[in-house]
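Okay, so here's the structure we're looking at.
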Amino acid sequence: MNYPLTINNEVQAALTSGIPVVALESTLITHGLPYPTNVETALAMEAAVRESAAVPATIAILEGAITVGITADNIEALAQLPADSVRKCSRRDLAIAIALGENGATTVAGTMIVANMAGIKVFATGGIGGVHRGQPHDISADLTELGQTPVTVVSSGAKSILDLPLTLEVLETNGVPVLGFRTDRLPAFYSARATLPIDQRIESAAEAAAIIRAAEALGAQNGILVAVPAPVDLAIGNDAAEAAIAQATREAEASGIGGKDITPFMLNRVSELTKGASMKANIALLINNSRIAGEIARELKRR
Ligand code: PSU
Ligand code: MN
């Protein structure tokens, strides 16, 4: 794709001179976390990437311009906008947001597409989208994108509000390797529950980099998922998480919430029902994943 991107100077210089870069998404800013926690978290994720000696590139669409490496002022402005005034952009949405000159927040799918266009190979987020519980045909565009765009996504697995066994099945169908970062069970986002066996355990960023390089050598067009457990001291207990998720799922069904609104509703409602515990865990894992993504990006440059 040759579409013109607006790339900030620091990110452009890093890409040109071989300094590691990590992409970060913007949907968690506009639709995933409330203000001002969203700003603080986005900035803390950027700082965590820098701790790993990599350059962060938070991606969003600003008045129709696909922007790689938005500024802190941009983050603040996006974070304050009402969620319904910012288009949540997965693959199907990008062209619309551009043509209409809109502000758009990129999801995992949208961010992967832009990162790939910019030549960024590693991307950190919290939890990817997946197959919704009780709605096996509501499959996040994130899973499709992972099957067709060669970017490594570092996340705490898929969100535990989802049907995780079905999500793993779709990842398999789409040809996406799932690598457990020091775990052999699929992390369940902010829940401590991790029961599903995954493809391969890795012990280090260097091992992740070796697998990414092998995929590149194969000419693989799929993405790779590196699944990192949430920091143990903050992950929420299974029973508390499941009770809140079950209640929020019932409420979403009862009030007819669907499509791209389900995930933001669920994240917010589970946070209310757990008195903020799920959000605390979400923030901690976002920052931790950003640091590990920085390490992987650095290892990729080392080889
Ligand atoms: N991780 C988080 N919070 C979020 C998301 C990920 O910790 O809000 C976002 C990502 O942008 C992901 C989206 O792509 O949730 C999934 O939305 P959906 O289920 O509608 O595909
Ligand atoms: Mn969906």
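Whatever order the structure lists ligands and atoms in, that order sets their numbers, starting from 1.
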Quiz item: Tell me: protein heavy atom nearest atom 20 (O) of ligand 1, and distance?
Solution: K88 NZ, 2.8 Å
Quiz item: Under a 4.0 Å heavy-atom limit, does H31 contact ligand 1 with its side chain, its backbone, both, or neither?
Solution: neither
Quiz item: side chain to side chain contact (heavy atoms under 4.5 Å, CB included) with Q12: which of N8, T16, N9?
Solution: T16
Practice problem: Have a look at ligand 1 and work out which part of L28, if any, has a heavy atom under 4.0 Å from it: side chain, backbone, both or neither. | Solution: both
Quiz item: Would you say S140 has any N or O atom under 3.5 Å from an N or O of ligand 1, going by distance alone?
Solution: yes
Quiz prompt | Pairwise side-chain contact, E102 with E63, heavy-atom cut-off 4.5 Å (strictly under) | solution = no
Quiz item: Is the count of non-hydrogen atoms from other residues, nucleotides or ligands lying under 6.0 Å from K260 atom NZ greater than 12?
Solution: yes
Quiz item: Any idea which part of I262 is under 4.0 Å from ligand 1, heavy-atom wise: side chain, backbone, both or neither?
Solution: neither
Self-check item: Winner among G32, S155, A105, G127 once heavy atoms are compared against atom 2 (C) of ligand 1
Solution: G127
Quiz item: Quick one: nearest non-hydrogen protein atom to atom 12 (C) of ligand 1, plus distance?
Solution: D142 OD2, 3.4 Å
Exercise. Give the contacting part of T107 toward ligand 1: side chain, backbone, both or neither, where contact means a heavy-atom distance below 4.0 Å.
Key: both
Self-check item: Proximity to ligand 1 by part of T263, non-hydrogen separation under 4.0 Å
Solution: side chain
Quiz prompt | Contact (N/O only, under 3.5 Å) between A109 and ligand 1 | solution = no
Quiz item: Near T125, which atoms of ligand 1 are under 4.0 Å from a heavy atom of that residue?
Solution: 1 (N), 6 (C)
Quiz prompt | L267 contact mode with ligand 1 (heavy-atom cut-off under 4.0 Å) | solution = side chain
Practice problem: May I ask you to identify the nearest protein heavy atom to atom 13 (C) of ligand 1, giving residue, atom name and distance to one decimal place in Å? | Solution: K159 NZ, 3.7 Å
Quiz item: Does some side-chain heavy atom of T30 sit less than 4.5 Å from a side-chain heavy atom of K88?
Solution: no
Quiz item: Can you name the N, O or S atom of D138 that is closest to the Mn ion (ligand 2)?
Solution: OD1
